[in-house]
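Here the structure is a predicted model, which means the values were calculated and not measured. When a ligand or atom number is given, it counts from 1 through the structure's own listing order. Atom set for the values below is all heavy atoms of this structure, side chains included, hydrogens, waters and symmetry mates excluded.
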Amino acid sequence: MNPVELAKSLKDGLDVLEDLDRIAHGGPSAMTPDDEIRLRWYGIYTQRPADDGYFMVRTRIPGGELTPRGLRTLAGIARDFGDDLVDVTVRQNIQFHWVRASNLPALLDRLHAAGLSTTESCGDCVRNIVGCPVSGVDAEELHDTRAIVREVNDFFVDNRAFSNLPRKFKIAISGCARHCTFPEVNDIGISAYRGASGVAFRVRVGGGLSTSPRFSRDLGVAIGAGDIAPVSAAIAEVFRDKGDRKNRKRSRLKFLVEAKEIPWFRDAVEARLGRTLERAPEPEPVRERDRVHLGIHAQRQEGLAFAGLSLVGGRTSGTALERIADLAEAYGSDRIRTTNSQNILILDLPESRLHEIRRDIAAARFDAGPSWVRRSIIACTGIQFCKLAVAETKSRAEAIVDELERRITIDEPIRISVTGCPNACGQHHICDIGLEGSVVSVDGVREEAFQVFLGGGVGVREAFGKRAGVRVPSERLADALVSLLEGYRELRTATETFQDFCLRAEPDTLAGLLRRESTNRPPSERPAASRSFGRGDHRWSSVSSKCSSHSSRPAASSAPQNASSAPSQR
Ligand code: SF4
């Protein structure tokens, strides 16, 4: 039995709360390896550096639904316990860092008092349910799924029939056919469509990324809104009872679906339900790719709009969250949403006051009209806190945004991901440009670099990015991307998107573009010596960014959203 299965068999992850006082009083030295595994069921992870005794804490925010009061609670926790640092994740959660063991009970109490929770936001259980960030306000929505998201969440959370799954289990639910919730890469991806007899929901199963990415497959059934919770439960039961518990690298649902194929899996689900589900017609093509909801847009409620505020790589601060709560209270109702592209929306803004709202958003140092690159970039936790990381991500994303914004304009949505290791929490396999943290050894010195994956995407054209065969040193990342995008503009056909171009182009062409010096950089800014680099080519060994633990607290950010509140250096 592997160590995680053993720990779960000795005590359910949900029972670790009875150990929390011991851990809080004794600190990390009082914690056993099994405690460390089980704490994840309450969103609590040890963070890098390992010997400093700090924790990361992940809240669970079903569908990203928040209120100003909830946001103020999160802001206060960040300030009081987490060095004022906040990360919004790609599952609409909010994460804290730098939390001391002694503060964990008070942190959880404060969340619970505000109706918030961390329960099962990590661990081998049903993770946060992702919902469309514009549910209930989107003019094209076919079904408002907020109540369904809450129903599915309430069914699974704290449910001991599902608190020991073979591995993590991810569900996304949306009320339209535009796939903003990324059903393609969830264990269960449910989305509404308009069928011959009205609105129904499709179910996809077995998606996931990590080191062996798989797109989910259509289960071939059409279900009603009332079926979503029972069908999700039946799918999770099949996974619980038939999933691989021996090899954690093969234990996600995607491997079971792949091994057994859809007809077997559907039969197994129907056997659990005790009935046959209606068969769905072939899925229709997905209509668009831009899923970020940034900027100011009309709601379906007449006279109201929502504002999507961009946070580069999801990194912000408690102080910035307070400012968002202020804006929501001044102009909106009580509705705020986190998005699965790591941003935050304020809903219900009166269109008659948009002029002053835009002014106050800018005064609060947020960007509601982000540039093409600011709106498109995501980043995982990275080496600053993640023990599995090999590369820094958040500050790299910020540097890429700063430089690309200045040097190149692209008029189509191009998703960029900065991901700290092959585990793909930053979803780099499904981004147009996926940057995967890597390390190369040059003359015995470890250097941080990024593998480049190109042409990934979801929706109209599902594809995992293809490896360009180039490892770009971190300090040259932005320049390589400018050169790549310049090459795209030079070589594309009239109708080609960036993704199409990357999938068509020969690997050598893409590698050549990444290696060459971009043409729009002022000579004074160019490196003293032009560098060539690539597989097996170590001529860039003069690069100065050495791979380090990046364990210090982040420097003050130049990004608008957290400029006034960045945590101090240690
Ligand atoms: Fe950590 Fe790797 Fe996941 Fe990034 S992708 S958060 S570095 S495990």
Quiz prompt | Partners passing ring pair (Phe, Tyr, Trp, His ring centres under 6.0 Å) against F156 (at least two apart in sequence or in another chain) | solution = F162
Quiz prompt | V86 versus S317, closest heavy-atom pair with distance | solution = CG2-C, 3.8 Å
Quiz item: Between N164 and R245, is any side-chain donor less than 3.5 angstrom from a side-chain acceptor?
Solution: yes
Quiz item: Counting only protein atoms, how many N/O/S atoms are less than 2.8 Å away from atom 4 (Fe) of ligand 1?
Solution: 1
Quiz item: Roughly how far, to the nearest 0.5 Å, is the NE2 atom of H97 from the CE atom of M56?
Solution: 6.5 Å
Practice problem: May I ask you to check whether T46 and E36 show a side-chain donor-acceptor distance below 3.5 Å? | Solution: yes
Quiz prompt | Polar contact flag, side-chain donor to acceptor under 3.5 angstrom, R60-N153 | solution = yes
